[in-house]
Amino acid sequence: MTINTIRIYNTLTKNKEEFKTIEPNKVGMYLCGPTVYAEAHIGHMVGPVIFDTIKRFLQYCGFEVTWVVNITDVDDKLINRSREKGISMFQLATAMTADYLANLQSLGVDQIDHLPRATDNMDEIIRFVEELIAKDFAYVNGGDVFFDVLKDNEYGRLSNRSVDSQQGEGGDAASRKRSPGDFALWKSAKADEPSWQSPWGLGRPGWHIECSAMSRRILGKTFDIHGGGLDLVFPHHENELAQSRCCHGQPMVTYWLHNGLMQAAEAKGKVGGKNDREENASTPSSTAPTVAPASNGADTKISRSKGAGGLAQLIERHTGERIRFFLLRSHYRSTTLFGDEQLAEAGASLEAFYRLIQRFERITGIHFYKSSDKDAKNLEINRKRETFVAPDSKNEAIVEIVRLREAFLSKMDDDFNTGGATGDLFEIARCLNRFIDSGKLEEAAGRTPENLELFAQGMSILKEMGSILGIFQKAPKQSSSNDNTTELLDGLVKLLIQLRADARTKRDFATSDSVRDGLLGIGVALQDGKEGTTWSIQRNA
RNA sequence: GGCUCCGUAGCCAAGUGGCUAAGGCAGCGGAUUGCAAAUCCGCCAUCGUGGGUUCAACUCCCACCGGAGCCUCCA
């Protein structure tokens, strides 16, 4: 047995590197979270989903992981947006943070350990700026503090650009800078802007400093993994890196990870991109947004214009798990086209797993998902990579599943190749269906204790792999309504199934088919099996 | 203009200097079924174009074509 090596693509070196932690078996990772000035769109979910998966995988491999996602709750956009809406910046931030967190929950992102807000860390931020001034990497001009990029001879390495090519941010701040590439660490407050007291007067932090300050507070001066969207490489991460390295005289991060950006399938062009205005102007109503904008009139302004708005609606139409699976189907570093069609396709493929799981529960009586019933038998899984014991079986399907498990894991080892790994998941499912069919487990005669045991072992591996990807954790919702109506629905459908069965015994296929077709027409699919008929809701859009 | 990345079947998508180029969706043929659905079996790709390097390239290099991103609002 060889010890697996995890390899990670590092933006800083532009290479895949062997993963080595700073402290043995401990991993600190930081993901740049949202500026909470508008509702989240699907693009905001890429980083959280891949980092959530990375954390699950690293834990599975035996690491102890601390994951931090920051919430930027003070910034120009927040100030402007809250004025438009006539509410306080705090109110806006609170509402949008709640939206963000609800979306994360729907997508099964539940591994975050710390969610620090910029406004809760003012002392730490101010201290950080003071340190940079004391070390002469920053200078004060009026009430503003700027970072002096010329003092940092490594500036530009992450994004591969030279200091003298910097345009610099425009506006009235430009005149107070020493060189155009300098960026604000602290901005003096204009009248009636939210502000905090500082050694330089009333003001607020610049965009990049909060991440340096908060990551240091929670993860230390140097930590293992830092991530965000590809669009954050410059200027955000370049500046963050400069601040922290200059302040501490040691590297900020070992591995820099950047995810690719989402692209709306129909309204081509980056979601929430800076080209929104010009593209909207040049392409009138012909490019309908892929995703309907928020229907709530008051909130319409908040949602982004191009297929980006209404993640909540997207989740309602497609389920969070489907969106998560869609995101994991391709490599996190690639640009991904998304739209209802793409999500529906991901959903269609996911259905096969749900059907297999239903089959399993029906045949074995074991709950695949955790059951609330205390006396129920739940499917147990192996939770740590090194504790896996391959079933001692000559059975072809089981041998193959064990091989596929290895294939799955080695894809994850290679820069978290979730897209490749999902392929193995499908193959595992096929092996299991084949096992059911060839062993005739749909009939009582095939349900020998050995067969049931092997079946459970195979399913356990499927669940184990699913838990790494953060899928198949909960039973998919059959209906969005509450449990009462779900029970009622189940009763009604079963009644119809019984009527149809009676008709079939009488070989009255006209009646039986009309029951089945009628149900299908309203989204209820019937499946005839050896031991009666089952039903499921067609989730496809 | 500077700096990146990408181009694999109808569509989505992994991957590799040489062995059958994963997997999914759709489609087609078969098994199964009263008929379906589901499931299983089978079929469905010379890897953008043109050069070069090499015993050997889809994989490396160059050019071109096409697409995407960054160059101080972006996840």
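Order of the sequence lines sets the chain letters (A, B, ...), proteins ahead of strands, with each chain counted from 1.
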Is the phosphate of B:rA75, meaning OP1 or OP2, less than 4.0 Å from a side-chain N or O of A:Thr35?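 True: A:Thr35 side-chain N/O within range (under 4.0 Å) of B:rA75 OP1/OP2.
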Using only heavy-atom distances, decide whether a donor-acceptor pair under 3.5 angstrom links the side-chain of [X] to the base of [N].
X        : N      : answer
A:Asn417 : B:rG15 : no
A:Arg329 : B:rA13 : no
A:Glu427 : B:rG23 : no
A:Arg504 : B:rG34 : yes

Could you list the residues that satisfy side chain to side chain contact (heavy atoms under 4.5 Å, CB included) with A:Thr13, not counting sequence neighbours?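 In terms of side chain to side chain contact (heavy atoms under 4.5 Å, CB included), with neighbours along the sequence ignored, A:Thr13 is linked to A:Asn10, A:Asn15, A:Glu17.
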Within this structure, what is the CG-to-P distance between A:Leu257 and B:rA75, rounded to whole angstrom? 18 Å
Calculate the interatomic distance between A:Arg322 atom CZ and B:rC25 atom P; express it in whole Å. 13 Å
Between B:rU4, B:rA14, B:rA37, which nucleotide has the shortest distance from any of its atoms to the side chain of A:Gln527? B:rA37
For nucleotides 41-44 of chain B, list the nitrogen or oxygen atoms of the protein found under 3.5 Å from its nitrogen or oxygen atoms, one pair per line.
unit_1 : atom_1 : unit_2   : atom_2 : d
B:rC41 : OP1    : A:Arg434 : NE     : 2.8
B:rC41 : OP1    : A:Arg434 : NH2    : 2.6

Below 3.5 Å, can you tabulate the donor-acceptor pairs from side chains in residues 516-530 of chain A to any protein atom, sequence neighbours excluded?
unit_1   : atom_1 : unit_2   : atom_2 : d
A:Gln527 : OE1    : A:Thr534 : OG1    : 3.1
A:Gln527 : NE2    : A:Ser536 : OG     : 3.1
A:Asp528 : OD1    : A:Arg500 : NH1    : 3.1
A:Asp528 : OD1    : A:Thr533 : OG1    : 2.8
A:Asp528 : OD2    : A:Arg500 : NH2    : 2.9
A:Asp528 : OD2    : A:Arg504 : NH1    : 3.4
A:Asp528 : OD2    : A:Arg504 : NH2    : 3.4

Sequence neighbours excluded, the answer for salt bridge (charged side-chain N to carboxylate O under 4.0 Å, His left out) partners of A:Glu442 is A:Arg359, A:Arg362
Flag as yes if A:Phe426 stacks onto the base of B:rG24 (centroids under 5.5 Å, planes under 30°), otherwise no. no
Do A:Phe146 and A:Phe183 have ring centroids that are under 6.0 Å from one another? no
Residues passing the ring pair (Phe, Tyr, Trp, His ring centres under 6.0 Å) test with A:Tyr9, sequence neighbours excluded, are none
Would you give me the side-chain donor-acceptor pairs under 3.5 Å for residues 423-430 of chain A, sequence neighbours excluded?
unit_1   : atom_1 : unit_2   : atom_2 : d
A:Asp424 : OD1    : A:Lys411 : NZ     : 3.4
A:Asp424 : OD2    : A:Phe408 : N      : 3.3
A:Asp424 : OD2    : A:Lys411 : NZ     : 2.8

